[in-house]
Enquirer: 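I have a structure here, written as structure tokens, and I will follow up with some questions on it.
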Amino acid sequence: MRVYELAKKLGCPSKQMALELRELGIEVKSYMSSITAEAAQEVLDLYAKKPAAPPPLLKEISITDPITIGELAPKLELSPANLIKNLLDQGKTYTINQHLSGELAKEIAEGYGFKVKEVIPLEEVEMSLVEEAEAAEDLKPRPPIVTIMGHVDHGKTKLLDAIRTTDVVAGEAGGITQHIGAYKVRVNQGEVTFLDTPGHEAFTAMRARGAQVTDIVVLVVAADDGVMPQTREAIDHAKAAGVPIVVAINKIDLPAANKDRVKQQLSELDLLPEEWGGKTIFAEISAKHKLGIENLLEMLLLEAEMLELKANPDKKANGVVIEARLDKGRGAVATLLVQDGSMKVSDPIVLGQYWGRVRAMLNDKGQKVAVASPSTPVEVLGLSGVPQAGDAFFVVDSEREAKQISSKRQSIHREKAAKVAHRLSLDDLYRKIQEEGIKELDIIIKTDVQGSCEALKESLEKIGSGQVKVKVKVIHQGVGAIKESDVMLASASNAIIIGFHVRPANPDVKELAEKEGVDMRMYRVIYDVTSDIKLALEGLLEPEIREVIIGLVEVRQLFKVSKIGAIAGSYVKEGKITRGAEARLIRDGVVIYEGKIASLRRFKEDVAEVATGFECGITLVDFQDIKESDIIEVFTTEVIPKKL
């Protein structure tokens, strides 16, 4: 028997057991040493006669997540070599610079008789290097950071152009000479910082990376067009992020403009105008004729005043990367948005996995800047690599410190590169409710028709599970195929996507969902959806019947044969097609038919299967309504046991 096994039986720390055995004259080197059955029995008898002793006082330690063997060993009062040797005795091979997860490090520490007080994420440790104590008097008002969203052709770009020319400074300087994805506008009443992103996809992609950069969203709605699908999407994305919305009703100069209809439509989406007793600020504008722009900017400053946006400009800067690129002449260049503190030229900084010393800072007009205060966007040169949009950055004390943090982050990134982010899935929902206390399940619904959307939303929001009180919340609903923007919203909000009679718009969407670890489920019966969610909340989810797509075919030509009917002249884009396999026909992302492949031919010959890159003729069982550009998905099903 090994020492740690005996310790486990007697409910005492392994380290303490090894010491007691030595006191009894039994020679052991560590808690992994073996002892004879007689010696073990002697100790068991001794413990049986012993009066119950108070539990030993365990030493408390804190560890970071992740942590290297070299960092963990001193906390356990061991040399790294001894720790590595002891772990090797247990059959675990580690090196001195290898990173351990917080959970694994905690398990090892407890085996040595230490109590782990807390596991601190590495980011928090790094941020504590730059965080400084702040007194209320040090905080000063900062300009609001605003993102403009809305439907295509509703005037987002025109509004941005109109705002640029309203900038008093830009007017004096002869306009903006360089655009860097974010800019600050000065009006007589104050300053506003705008993020020029391509709509809600970029906004949500940054949020998925942990960057909450926007204070206010301006929702642009055309007065002649009203609320459109992308308008709804933008509202849902802004609400999911918990960001206040200011509505700009554009194109009020057009004869077909109907401002009241727009207000009515938006009030149905919980954006009730102030004049109707609601809380949403509405501004009427014409971006083309530059009408109402100053009023909109005033409204934004008013909303910012209500939010009481403040920051301390006198400490080391931190913020977020808006965009980054590799420039042939200047190397790695990044647009940074300072959220707190002030950044100066020559400051050493850490951005994601990379580091740098600020060689130069340029504002949105291409002018050199010496200091960037809170809510200021600047283009920065002097970086060791190209960070990702959404990466946090912070200023540190020295170049050496910046290099160390960067090196550690790159090492961790390499180890995690192959791992998929574990987001919420129905399979492990019950376990996460118990362990993490989840109180709200966020869901995204995509259906083939609007009626199904409403019915499904109503059914899901009624669900409450007996003992486990979890509210089901539909954060976005829409008609049509599942798109990349849906997956990014699910990733950012830790939501589950429910597809009803629809499929992913293209293979890229499926790949993105797998990469982001987003649970995407397809259904054809409303009862199955509600039943699955209920059972998942109660921890009773049945084994999942998972589809495996084995082939993807595009219909390129149609042939009509009197005795056979419609033959689809097709091209196999992915995988392989087999005769008699289960198949579904998809048109514009919506499932039209589900059944089997009746026949499969190549050059008038019947064949058993056709591989990628070849053409073939396909007929479907009891289905003739095939059209060019339809997609046929061939699949099999497999049973995945329930995970708890």
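This chain uses plain numbering: 1 for the first residue, then up along the sequence. Keep in mind that this is a model prediction, so the values were computed, not measured.
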Enquirer: If you count heavy atoms of other groups shown closer than 6.0 angstrom to CD of Glu458, is the number above 12?
Expert: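 No, because the 6.0 Å sphere around CD of Glu458 holds 12 heavy atoms or fewer from other groups.
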Enquirer: Does a side-chain heavy-atom distance below 4.5 Å link Val338 with Ser373?
Expert: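 No - every pair of side-chain heavy atoms lies 4.5 Å or more apart.
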Enquirer: Check this for me: does any side-chain nitrogen of one of Glu554 and Arg556 sit under 4.0 Å from a carboxylate oxygen of the other?
Expert: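 Looking at Arg556 together with Glu554, the answer is yes, because their closest N to O distance falls below 4.0 Å.
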Enquirer: Indicate the atoms forming the closest heavy-atom contact of Val380 with Leu336, along with that distance.
Expert: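 In this case the closest contact between Val380 and Leu336 is CG2-CD1, 3.7 Å.
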Enquirer: Just wondering, do Pro244 and Leu307 contact through their side chains at under 4.5 Å, heavy atoms?
Expert: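 Counting from C-beta outward, Leu307 and Pro244 do come under 4.5 Å.
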Enquirer: Measure the CD1-CD1 distance between Ile631 and Ile592 for me, rounded to the nearest 0.5 Å.
Expert: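 Taking CD1 in Ile631 and CD1 in Ile592, the distance rounds to 12.5 Å.
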Enquirer: Partners of Arg261 by salt bridge (charged side-chain N to carboxylate O under 4.0 Å, His left out), sequence neighbours excluded?
Expert: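 Arg261: no salt bridge (charged side-chain N to carboxylate O under 4.0 Å, His left out) contacts found.
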Enquirer: If we ignore angles and hydrogens, is there a donor and acceptor under 3.5 Å between the side chains of Thr214 and Thr147?
Expert: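 There is such a pair between these side chains.
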Enquirer: Measuring only between side-chain heavy atoms, which start at C-beta, is Arg409 closer than 4.5 Å to Tyr354?
Expert: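 The answer is no, as the side chains (C-beta and beyond) never meet within the 4.5 Å cut-off.
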Enquirer: Under a 4.5 Å cut-off applied to non-hydrogen side-chain atoms, are Arg330 and Arg325 in contact?
Expert: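 Yes, at least one pair of side-chain atoms sits under 4.5 Å.
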Enquirer: Would you say Lys510 and Glu514 make side-chain contact, with heavy atoms under 4.5 Å?
Expert: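 Yes, their side chains come closer than 4.5 Å.
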Enquirer: What residue among Val185, Val218, Val192, Leu300 forms side-chain contact (heavy atoms from CB on, under 4.5 Å) with Ile163?
Expert: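 The single option meeting the side-chain contact (heavy atoms from CB on, under 4.5 Å) with Ile163 is Val185.
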Enquirer: I'd like to know if Asp253 and Lys288 make a salt bridge, using a cut-off of under 4.0 Å between side-chain N and carboxylate O.
Expert: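 Salt bridge: no.
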Enquirer: Please determine if Arg142 and Asp340 form a salt bridge, counting it only when a charged side-chain N lies under 4.0 Å from a carboxylate O.
Expert: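 No.
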Enquirer: Do Met361 and Val345 make a side-chain contact, defined as non-hydrogen atoms from C-beta onward lying under 4.5 Å apart?
Expert: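 Yes, side chains in contact.
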Enquirer: Check whether any side-chain heavy atom of Gln264 sits under 4.5 Å from a side-chain heavy atom of Asp260, and report yes or no.
Expert: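 No, too far: nothing below the 4.5 Å cut-off.
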Enquirer: So do Glu401 and Val350 actually touch side chain to side chain, heavy atoms under 4.5 Å?
Expert: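 Not touching, per the 4.5 Å side-chain cut-off.
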Enquirer: List the residues meeting salt bridge (charged side-chain N to carboxylate O under 4.0 Å, His left out) with Asp630, not counting sequence neighbours, and say none if there are none.
Expert: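 For Asp630, the residues satisfying salt bridge (charged side-chain N to carboxylate O under 4.0 Å, His left out) (neighbours in sequence not counted) are Arg587.
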